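What follows is a set of notes on a single structure, which appears directly below.
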There are 2 protein chains.
Amino acid sequence: MITIYDIALRAGVSSATVSRVINGRPDVSRKTRAAILAIMDELGYRPNATARGLAMKKSKMIGVFIYDHLHSGLVHPFLQDVLSSFQRIVGDEGYDLLIFTNNSKEVQIENQYELRARQRDVDGILLFGIARDDKQLDRLVECGIPCISIDLDLYGPRAGYVTSDNVAGSTLAVQHLHAKGHRQIAFIADIFNSKPGQDRFKGFQQAMRSLGCTINPNWITQADFSESGGYDAVTKLIASGNMPTAIVCASDSMAIGAKHVLEENGFTIGKDISIVGYDDISALSYIKPGITTIKQNRMEMGRAAAQALLELIDNESAVPPILFIPPDLVMRQSVHDLNEFS
Amino acid sequence: MITIYDIALRAGVSSATVSRVINGRPDVSRKTRAAILAIMDELGYRPNATARGLAMKKSKMIGVFIYDHLHSGLVHPFLQDVLSSFQRIVGDEGYDLLIFTNNSKEVQIENQYELRARQRDVDGILLFGIARDDKQLDRLVECGIPCISIDLDLYGPRAGYVTSDNVAGSTLAVQHLHAKGHRQIAFIADIFNSKPGQDRFKGFQQAMRSLGCTINPNWITQADFSESGGYDAVTKLIASGNMPTAIVCASDSMAIGAKHVLEENGFTIGKDISIVGYDDISALSYIKPGITTIKQNRMEMGRAAAQALLELIDNESAVPPILFIPPDLVMRQSVHDLNEFS
DNA sequence: GTGAAAGCGCTAACAC
DNA sequence: GTGTTAGCGCTTTCAC
């Protein structure tokens, strides 16, 4: 391994001077700087991050905790997109990502987050898919390491979060339907009462009210976010004999299930009945006719999280932000324009 | 920060003894070990990984290079599954993952992989989605850092790879069709000639030959792995007026496209014509009737990569393996059993 | 502008 | 069994 001393020797200077050059300090003469730079280049020198970390107590690494539960229909499918844009932003500032792994052998002691973050000297932390009732969070949040989480409300002196604006999302859905002439709208909610699920329902209610539409309690159902859940929910709706003109689903999977029953019962999607999903999962692009849906702005979430975290790291007195990222309406063919007949 | 000296002081021993305890050395008396352990526990002490890394020249980190190109229909969708099982295995051995970010500001100099790996002192490297014509690979492979890549043939004194056995995959598809009485089988190949694409075609050819089926050149087409590619390819097939009894597609997207044209032309999938896809993308589970496909064993790929890498790290003289992970046949409803009528 | 030297937290001979 | 000490590669005062 080639060190700072090798460079110093070749350049006929001390290691301190080389260090100054590495760190772009101004107090080095043009000549020596140029000479040192040339030698570093020639030898393909790279400062060792570990040694630097020890000396500076900074690692130029962002620690990432991902709670890797399968079947987390909501957050999991987006990890890749969010992380990809996050990585791009922090990468430009010289940070690499340290993904903390779960050691299944080790006892799950408390304060795991804080201890492991300290152990690796990470400069900041990104939390992803962490459950809100996680006991270990408290100490992490209070320990002073800059911290941003995705879709989890995290409050602390140096901790904030970014989330997709789920209220705005279903508002979009309702407004779109309303503009197309729909007034009788059903909603299939999340039976688990997850935060995003709650917010999506909240947005539906608010939007309906502010547009002057009455909410028919019989048209509010709950399902388990899955295809079969949506299938069953709409089965009951059909059995009730009292159909709305449109159905907003809290997830695309449920929308797909809804579509299946409806078609089996002779409804033509986008004509006899309208559907709006939520998430724009990849499967949706393969389904005919296309289902209109609400798409979370995943890239933007990653970008926002990265910038917020960088700000917290760079600026000791930055106030931790709470960021709501507005989603987009993706129009396909599942919404019928009732105005055509008015 | 609480250090080894704090522990030593409290325990009335030297830092060396504490270090011995940390590293589980046998040459410490039961009494002092217990005392030290108790104090470490009480103070919530965690050895600093950076300092350790500097002293031992090992970081207990696996470096991960992911080439994050969008539209890489083949490798990208599996990253999460593969990485998730990889992480679990190496995590149990105390390794965390260091994801190298792409600094868009920095000039893309040569040997980037090696330099960055050295800079961070990673103990081993996982490559994912890296293009095989990447110039920087050569030096990395020769520099002696243990290295395993996914779906990229990497050869070196300490470098091997794991890949899904694509030849075996399409062999599975053909054997299944053959068992169901099919002899006239078409194949939609990858127009880009990617390695997986080539192998899938190769497996098709071999299987057909060894089962004594003749390959009709008119039934071999190429498409761009996409839905529309499959659509167009089968459109031509139909236009030719000479239909096979089954179609094997080198990707699920193409299979879905094929299904669409076929249905539009009055064919009933799984009755008039049979289809087999490849990959088992998530969208497939939403499509009716279900398309039979070949599923890569993603978890197993991650597991195998992890174990191979750990072996290379632990055992100086381990020979770098090349591992083919056999995929599975996922049976749905798109294959017709011709034997029912014989 | 540049150098000498101490120190970051830990490991690993080598002594006793 | 345990302590002493010299690094690991870099940064950073403090002199000059």
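Below, chains carry the letters A, B, ... as their sequence lines are ordered, and counting in each starts from 1. Remember, predicted model here, so these are calculated numbers, not experimental data.
- Remark: B:Glu316 CD is loosely packed, at most 12 non-hydrogen atoms of other residues, nucleotides or ligands lying under 6.0 Å away.
- Between A:Glu42 and A:Arg10, at least one side-chain nitrogen of the basic residue sits less than 4.0 Å from a carboxylate oxygen of the acidic one, meeting the salt-bridge criterion.
- When ring centroids are compared, B:Tyr113 and B:Phe65 come within the 6.0 Å threshold.
- Taking 4.0 Å as the cut-off between side-chain N and carboxylate O, A:Arg303 and A:Glu300 count as a salt-bridged pair.
- Side-chain N/O atoms of A:Thr32 include none lying less than 4.0 angstrom from OP1 or OP2 on C:dG1.
- A salt bridge links A:Asp96 to B:Arg120: at least one charged side-chain nitrogen sits closer than 4.0 Å to a carboxylate oxygen.
- For DNA chain D, the span of nucleotides reached by chain B at under 4.0 Å from its heavy atoms goes, 5' to 3', from D:dG1 to D:dG9.
- For the helix from C:dG1-D:dC16 to C:dC16-D:dG1, the terminal axes (five pairs an end, C1' atoms, rotation from four pairs onto the next four) enclose an angle of 40°, given to 10 degrees.
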Stepwise side chain to side chain contact (heavy atoms under 4.5 Å, CB included) check, A:Glu311 with A:Asn315
CA-CA 6 Å; A:Glu311 174 65 14; A:Asn315 182 356; 3.2 Å; yes

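- B:Ser29 and B:Arg33 share no donor-acceptor pair across their side chains, judged by distance under 3.5 Å alone.
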A correct 5'-to-3' footprint of nucleotides 9-16 of chain C, with B, S and - meaning base, sugar-phosphate only and no protein heavy atom under 4.0 Å, is BBBBBB--

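- Note that the CZ atom of A:Phe100 and the CD atom of A:Gln119 stand 8.0 Å from one another [nearest 0.5 Å].
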